[in-house]
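Just so it is clear: chains get the letters A, B, ... in the order the sequence lines come, proteins before strands, and each one is counted from 1. No experiment lies behind these values; they were computed from the predicted model shown.
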2 protein chains.
Amino acid sequence: MSRSLKHVAIREYVRSLVEGSAPGTAAPSERDLVDRFGVARMTVRQALDALVSEGVLERFPGRGTFVAAPRRTASGVTGFSEEMARRGIVADSRTLAADQLPAGENLARALQVPAGIPVVHWRRLRTADGRPVCLTDAYLDRTRVPGLLESLPTSLYDDLAARGLRPSWAEDMLAAATATPEEAALLEVPSGAAVLRHHRRALAGDAVVEVSRTVYRGDAYTLNVQLCS
Amino acid sequence: MSRSLKHVAIREYVRSLVEGSAPGTAAPSERDLVDRFGVARMTVRQALDALVSEGVLERFPGRGTFVAAPRRTASGVTGFSEEMARRGIVADSRTLAADQLPAGENLARALQVPAGIPVVHWRRLRTADGRPVCLTDAYLDRTRVPGLLESLPTSLYDDLAARGLRPSWAEDMLAAATATPEEAALLEVPSGAAVLRHHRRALAGDAVVEVSRTVYRGDAYTLNVQLCS
DNA sequence: TAGTGGTCTAGACCACTAT
DNA sequence: TAGTGGTCTAGACCACTAG
């Protein structure tokens, strides 16, 4: 080890001690670690601070340091396939279009590409347990997903992940509306039925990787979101 | 000041220095702060550590400490008043009911209270720029919000914050549906118009502080969400 | 009362950056 | 070369908790 970084060594030692332990299990006290590693207490505290801010440990003044209960996590950025899998539902989809279209002004701005250049367009009718649930139009910067249209993946988000473009950030808009006749026909609902419109702009780092517009059947889909602040 | 907490004083001093500064602006160096406050360097570092982990400052070894570019933040847990204010819209509301009702089974479970005990119920018709936008039924554990019904606040979330119960976590469900005749009348839309149903369970720490059901006019409201993972 | 974490001191050496 | 943050030491006193 070229650079020792004692606080890292201590941190990883404690992490390995603690991983798999039940919440509430006592971690070594700061002074124990001082003795064991022969370091100053500030160094131990630096190590434990990291684990506390990671949510691995909790400190209670006067009592000690303990394994923290797993944190609640906000819902991440997931695609339809994942979301359905999480609910234990068999998701499937039928591709209605997979082509390239010149980007209109709004789309171009959202995708951060020049207006008028062709972008990848993929339209799918998605089903859950065999029943139509939603209609998705996904738009992507063709330079980021070469070959996508030639071999369409099962899950767009898995494919993006494989390209190192897994969205880590999404801006979503949700609104209730009524189905257009075309949407109604595809979703097999009466024209004018209530639908949930969902627009998404998904980013990986600073790059916009997907802009999508989805229409969900109001009677067949509920969106769940966990928020934190 | 009964307890000085030097690192807090230093942290807030730096925060006030820095707030409003452009990203990239240099913050005082650690040794400057040592001189200014007459403290040890570890104390200064403790103060700056907090601002760094808050995302206010960034450190660059060998260069210095600088104001960080604003982080992308996921949308927090906000109430309607805040949300409208953020959009620059004048929000108002009319109380339709403010009473206590025995909790049904589902509501009791969601609120973590025994079934059948009375819970606070507050129904409001909310308007934006004078037009009806949504109808909200909020349910709260009466023991957590004594006096709420006697003097109804303008903003529920502000009131909760004042009680130390600001929600920091919410589980939301969203679905499109059609308005019931009663909802339609209050929202001033035709019966059967598309509406967005929004159920929320808001928590502060481990305590459920609010369970609410909101019906938004589909033509008057779009929900925006930012997600990260 | 013994042990814990919270806070703080007054130094030190290092690698790195900018000039 | 001067200044910066990164790491580390060897103590100290405090308030709090548990037995």
Legend entry - Aromatic ring pairing B:His198/B:Tyr216, orientation class (parallel under 30°, perpendicular over 60°, tilted between): parallel
Inset, instruction - Taking atom CD of B:Glu105 as the centre, report whether more than 12 heavy atoms of other residues, nucleotides or ligands fall under 6.0 Å from it. - result: no
Legend entry - Nearest-Å distance for atom pair CZ/P, residues A:Phe37 and D:dT7: 17 Å
Inset, instruction - Take A:Asp141 and A:Val208, measure what side chain to side chain contact (heavy atoms under 4.5 Å, CB included) needs, and give me the verdict at the end. - result: CA-CA 8 Å; A:Asp141 180 344; A:Val208 180; over 6 Å; no
Legend entry - Length of the CG-C1' vector between A:Leu33 and C:dG3, whole Å: 15 Å
Inset, instruction - Might you confirm whether atom CG of B:Asp206 has over 12 heavy atoms from other residues, nucleotides or ligands at distances under 6.0 Å? - result: no
Legend entry - Spacing of B:Glu30 atom CD relative to C:dC13 atom P, expressed in whole Å: 18 Å
Sort me out a list of protein N/O and nucleotides 9-12 of chain C N/O pairs below 3.5 Å, or just none if empty.
unit_1: C:dT9; atom_1: OP1; unit_2: B:Lys6; atom_2: NZ; d: 2.9
unit_1: C:dT9; atom_1: OP2; unit_2: B:Ala40; atom_2: N; d: 2.8
unit_1: C:dT9; atom_1: OP2; unit_2: B:Thr43; atom_2: OG1; d: 2.8
unit_1: C:dA12; atom_1: N6; unit_2: B:Arg41; atom_2: NH1; d: 3.2

Legend entry - Taking every non-hydrogen atom, the tightest pair across A:Arg59 and A:Pro61: O-CD, 3.9 Å
Inset, instruction - Grab the two heavy atoms, one from A:Thr78 and one from A:Arg200, that are nearest each other, plus how far apart they are. - result: O-NH1, 3.0 Å
Inset, instruction - Please list, by residue number, the residues of residues 44-59 of chain A whose heavy atoms come closer than 4.0 Å to an atom of DNA chain C; answer none if no residue qualifies. - result: A:Arg45, A:Arg59
Inset, instruction - Please check if the side chain of A:Arg144 supplies one atom and the backbone of A:Val209 the other of a donor-acceptor pair under 3.5 Å. - result: no
Inset, instruction - Give the ring-plane orientation class for A:Tyr221 versus A:Phe80, where under 30° counts as parallel, over 60° as perpendicular and anything between as tilted. - result: tilted
Inset, instruction - Could you state the atom-to-atom distance from CZ of A:Phe66 to C1' of D:dC16 in whole Å? - result: 13 Å
Legend entry - Interface residues of residues 18-28 of chain B with DNA chain C (non-hydrogen, below 4.0 angstrom): none
Legend entry - With sequence neighbours excluded, residues passing side-chain hydrogen bond (donor to acceptor under 3.5 Å, both in side chains) with B:Glu54: B:Arg15
Inset, instruction - Give a yes or no answer on whether the side chain of A:Arg163 reaches the backbone of A:Pro146 with a donor-acceptor pair at less than 3.5 Å. - result: yes
Inset, instruction - Could you point out which residue of B:Asp49, B:Val39, B:Asp35 forms a side chain to side chain contact (heavy atoms under 4.5 Å, CB included) with B:Val44? - result: B:Val39
Legend entry - Between D:dC8 (P) and A:Arg11 (CZ): distance, integer Å: 11 Å
Inset, instruction - Taking the side chain as every heavy atom from C-beta outward, state whether A:His199 and B:Thr222 have any pair of such atoms under 4.5 Å apart. - result: no
Inset, instruction - Could you point out which residue of B:Arg126, B:Arg123, B:Arg213 forms a salt bridge (charged side-chain N to carboxylate O under 4.0 Å, His left out) with B:Asp137? - result: B:Arg123
Legend entry - For DNA chain C, stems built from three or more consecutive Watson-Crick or G-U wobble pairs below 3.5 Å: C:1-18 with D:1-18
All N/O pairs under 3.5 Å across the protein-nucleotides 17-19 of chain D interface:
unit_1: D:dT17; atom_1: O4'; unit_2: A:Gly62; atom_2: O; d: 3.4

Inset, instruction - For the pair A:Glu82 and A:Arg86, find out whether any cationic side-chain nitrogen is under 4.0 Å from an anionic carboxylate oxygen. - result: no
Legend entry - Ionic contact status for B:Arg45 with B:Glu30, cut-off 4.0 Å: yes
Inset, instruction - Could you check how far CG of B:Asp32 sits from P of D:dG3, rounded to whole Å? - result: 11 Å
Legend entry - Neighbour count above 12 (heavy atom, 6.0 Å) for A:Arg41 CZ: yes
Legend entry - Distance test, side-chain N/O of B:Thr65 to OP1/OP2 of D:dG5, below 4.0 Å: yes
